[in-house]
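What follows is a set of notes on a single structure, which appears directly below.
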Protein chains: 2
Amino acid sequence: MRKGEATRARLVAKTAELLQRQGFHATGLAQIVAESGSPRGSVYFHFPGGKEELACAALSDAGKLWRERLEAVIGAAPHPSAAVRAVCSVLASAMEASEFREGCPLATVALEAASSSERVRATIASHYAGWESLIAARVVSLGMAKRDAARLATFTLATLEGALMLAKVKRDATPIRDAGEQLARLAEAAGAFSKPRRAPPKRRERSAARA
Amino acid sequence: MRKGEATRARLVAKTAELLQRQGFHATGLAQIVAESGSPRGSVYFHFPGGKEELACAALSDAGKLWRERLEAVIGAAPHPSAAVRAVCSVLASAMEASEFREGCPLATVALEAASSSERVRATIASHYAGWESLIAARVVSLGMAKRDAARLATFTLATLEGALMLAKVKRDATPIRDAGEQLARLAEAAGAFSKPRRAPPKRRERSAARA
DNA sequence: AAATAAATATATCGACCGTTCTATTTTGAC
DNA sequence: GTCAAAATAGAACGGTCGATATATTTATTT
């Protein structure tokens with residue numbers, strides 16, 4: 001049934017948008033239905049689990065979309081430092097373009113629902129982990145040990161998320177751009193260090209990101 | 001009138017706690033009144049502006065409290081690197097102790113209300129700025145240029161906020177501890193660089209945090 | 001075209017939301 | 001003790017919330 005899938009897609013898309021801007025509790029089914037032009041009676045048909053299930057679907061969609069974008073940028077950049085610069089540039093511009101209403105599509109709900117809905121929490125956590133593994137994989141290809149790369153990836157994501165939040169609150173995108181610059185230098189330093197290496201002999205104790 | 005002030009204080013304290021754990025929209029007046037044991041009829045006496053005004057008072061209280069704690073830690077630490085380590089250690093432990101329910105007292109509401117209540121947004125922004133200037137001042141005392149110090153302070157705060165969020169979502173405090181370690185190294189590097197300096201001759205182009 | 005399932009429409013539910021209102025009690029000043 | 005202000009009590013407001021139930025319409029299959 002085509003029509004049903006279209007309705008479902010519209011519901012998910014609008015929900016993702018509203019969750020990104022307002023969060024979970026500030027977004028009502030009424031608003032989702034009204035702004036998406038979807039039939040109200042269809043919500044519980046497509047999402048028997050109600051608002052929670054709809055939210056998880058929307059968060060998953062957004063998480064996948066951002067993962068693909070991240071993958072594309074990382075794949076196109078010659079070096080992680082260039083990638084992080086590009087990502088921050090895009091994020092900063094998007095933030096300004098939306099007049100600081102849109103940030104990370106998961107972050108607001110993450111903080112809101114982490115302690116109330118285990119399902120939502122787990123959904124978001126898995127997508128964050130996916131983003132991190134993407135970053136970590138790129139860093140590993142530079143020669144850094146997996147463990148250190150994972151740490152650096154978490155650190156990078158944390159900084160980006162925090163910068164997005166500060167930018168939203170300050171209504172100023174410079175935290176994002178500055179974070180990009182700082183992280184890029186960190187990546188350069190880490191790359192310069194571990195580049196000339198080949199097949200690390202045994203193990204290295206968190207040698208990375210050592211400045 | 002003593003009684004009134006006590007009631008007011010209880011309302012503010014409980015509101016701050018609930019905002020930190022659940023956010024703005026998930027916290028109702030009913031819950032605040034019930035859990036604080038305060039008279040329901042007193043809310044609009046002490047806070048004619050309603051929930052928004054009460055929330056701002058609570059956020060301001062929390063912001064001041066954290067500022068004082070931050071000030072104490074920075075004052076006691078021999079070096080910014082030690083300070084950031086200590087802060088992260090405390091934050092990580094507190095996160096675990098609360099079973100990952102309590103993070104930054106402002107962050108959740110910051111993301112929620114940044115686009116809905118200008119008053120709340122401005123309140124939070126001012127406290128974040130206060131925290132940053134505290135960090136920046138300490139870095140300046142190390143010899144770093146004011147502009148670079150401000151950037152580094154914003155970067156540090158962003159990383160901490162992001163790490164707190166990730167820890168909450170993952171239910172794992174390691175992002176906080178790792179962020180502390182990384183930031184501490186960054187601070188050491190910045191300190192080592194700008195320490196031997198005296199009265200910078202003219203201006204330096206963001207030489208800080210250079211690895 | 002008939003039969004079956006998918007999808008939508010609509011009305012309604014009880015619960016809770018933030019807010020307002022009018023008593024009533026408590027407190028401080030005289 | 002008297003009086004006015006501060007503070008509390010508690011009901012009640014209209015509105016919206018997410019969720020449910022029952023019809024009705026639309027599409028797919030045979």
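In what follows, chains carry the letters A, B, and so on, assigned in the order in which the sequence lines appear, proteins first and then strands, with residues in each chain numbered from 1.
A cation-pi geometry, defined here as NZ or CZ lying under 6.0 Å from the six-membered ring centre and within 45° of its normal, holds between A/Lys51 and A/Phe24.
If one axis is set at each end of the helix from C/dA1-D/dT30 to C/dC30-D/dG1 from five pairs, those axes are 20° apart, to 10°.
The pair A/Asp148-A/Arg151 meets the salt-bridge criterion, since a charged nitrogen lies less than 4.0 angstrom from a carboxylate oxygen. Using a cut-off of 4.0 Å between Lys/Arg side-chain N and Asp/Glu carboxylate O, B/Arg85 and B/Glu188 are scored as salt-bridged. Here B/Glu181 does not pair with B/Arg177 in a salt bridge; the nearest charged N to carboxylate O distance is not below 4.0 Å.
Per the geometry, CZ belonging to B/Arg8 stands 17 Å off C1' belonging to D/dT8, to the nearest Å. Taking atom CZ of A/Phe45 as the reference point, atom P of C/dA5 lies 12 Å away to the nearest angstrom. Between the P atom of C/dA7 and the CZ atom of A/Phe47 lies a distance of 12 Å, rounded to the nearest Å. Atom NE2 in B/His46 sits roughly 9 Å away from atom C1' in D/dA6 (whole-Å rounding). The CZ atom of A/Arg10 sits 11 Å away from the C1' atom of C/dT8 (whole-angstrom rounding). As rounded to whole Å, 13 Å separates atom P of D/dA7 from atom CG of B/Leu11.
Dashed line: the shortest gap from a side-chain N or O of A/Ser42 to OP1 or OP2 of C/dA7 is not under 4.0 Å. Between A/Ser38 and C/dT8 there is no side-chain N or O to OP1 or OP2 distance below 4.0 Å.
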Could you go step by step and tell me if A/Arg138 and A/Glu71 meet the salt bridge (Lys or Arg N to Asp or Glu O under 4.0 Å) rule? CA-CA 10 Å; A/Arg138 182 65 182 92; A/Glu71 211 162 6; over 6 Å; no
Give me, pair by pair, the N or O atoms of the protein and of nucleotides 16-20 of chain C that are less than 3.5 Å apart, along with how far apart they are.
| from | atom 1 | to | atom 2 | distance (Å) |
| --- | --- | --- | --- | --- |
| C/dG18 | OP1 | B/Thr27 | O | 3.3 |
| C/dG18 | OP1 | B/Lys51 | NZ | 2.7 |
| C/dG18 | OP2 | B/Leu29 | N | 2.9 |
| C/dT19 | OP2 | B/Tyr44 | OH | 2.3 |
| C/dT19 | OP2 | B/Lys51 | N | 3.0 |
| C/dT19 | O5' | B/Tyr44 | OH | 2.7 |
| C/dT19 | O4 | B/Arg40 | NH2 | 2.9 |

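Closest non-hydrogen pair, A/Lys14 versus A/Ser36, comes out as CB-CB, 3.7 Å. The two atoms that bring A/Pro80 and A/Leu142 nearest to each other are CD-CD1, 3.7 Å, heavy atoms only. Taking every heavy atom of both residues into account, A/Phe47 and A/Ala57 meet most closely at CE2-CB, 3.8 Å.
For the 3.5 Å distance criterion, the side chains of B/His127 and B/Ser60 qualify, holding a donor opposite an acceptor.
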